[in-house]
Amino acid sequence: MQICRTVKEMRALVDEWRANNSKIALVPTMGYLHDGHISLVKIAHTLGDKVVLSLFVNPTQFGPTEDLDKYPRDFQRDVDACEKNGVDAIFAPTPDEMYAKDFSTWVTETSLSLPMCGVSRPIHFRGVCTVVLKLFNITRCDAAVFGKKDAQQALVIQRMVRDLNVPVEIVTAPLVREADGLAMSSRNRYLSADERERALSLSRGIFAAEKLYNKGERSASVLIAEVQKSVEQANGKIDYIVCNARDTLMPLESIDRPALLAAAVYFGTTRLIDNVFLG
Ligand code: AMP
């Protein structure tokens, strides 16, 4: 496995691969890898002859009061996990390598980025789209894998790729959970034992709402209330709970088309997200 720290190193490697007609699949991550990330790597192996995993805590997708500095990092652990799972190359640049001092070009998706996480994190998806397009250009990947854990992100990236004719196939991967239901996230490590216990109310609420949907309930507000009840009982502070149309992310009253029930909730200072696709 190769570890590339610079754009030049990564480019040299992908040029060599492409000269041999190898297909390249990319898994973009911010590191501190868990089984959710590894599930993406497994899918990437089915899409390309060479798998690149990028490890980059992208500063431009964090707001000024967010957790950029304390975001968990463990490079050696990530290298070991990649090695074990047959990753061909890690791309792990520094922020200076990715962003020139006078960097001034941004990719802004102006519709799907606005609701949900876009409300409390107004610059988030601009940072995500910009870094993802840069990663596509640097790795010259044929395909890239994104998790449905970040459902809005996956939709925004799909829209960007369609709108800008980016020649990369976007594949989405199922949300991977801990045995007790908590959605796997690098941020789970911030949780104290008490917060970890209370955080389960989020997945429990989502599952309870999904069950109601499967029994025939079609009122969005009833499903939202089910999640709300669960997290409020556990003292979670709600950022949002929404039931939106899956393609437009516009709010639904009645769930008469494929929908996304999604929530962002704080337990202590840790903001967690979870979701389920309905229909
Ligand atoms: P992150 O490192 O949190 O930026 O995530 C990198 C990629 O892994 C994104 O496409 C995420 O959606 C995906 N991912 C993170 N957690 C999970 C999970 N629990 N299940 C599936 N995919 C995930």
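Just follow the structure's listing: the first ligand is 1, and inside any ligand the first atom is 1.
Judged purely by atom type and a 3.5 angstrom limit, Asp88 uses its side chain to pair as donor or acceptor with the backbone of Val51.
Neither side chain, Asn188 nor Tyr32, offers a donor N or O lying under 3.5 Å from an acceptor on the other. Checking Gln76 against Asp80 by side-chain atom types alone, a donor-acceptor pair falls below 3.5 Å. No hydrogens or angles considered: nothing links the side chains of Ser120 and Tyr240 as a donor-acceptor pair under 3.5 Å.
When heavy-atom distances to ligand 1 are checked against 4.0 Å, the residues falling inside are Pro28, Thr29, Met30, His34, Gly36, His37, Leu40, Tyr71, Phe146, Gly147, Lys149, Asp150, Gln153, Pro174, Leu175, Val176, Met184, ordered by chain and number.
Remark: Lys70 qualifies as a cation-pi partner of Tyr190 under the 6.0 Å distance and 45° angle criteria applied to the six-membered ring.
Between Asp274 and the choices Arg204, Arg177, Lys149, the side-chain hydrogen bond (donor to acceptor under 3.5 Å, both in side chains) rule is met once, by Arg177.
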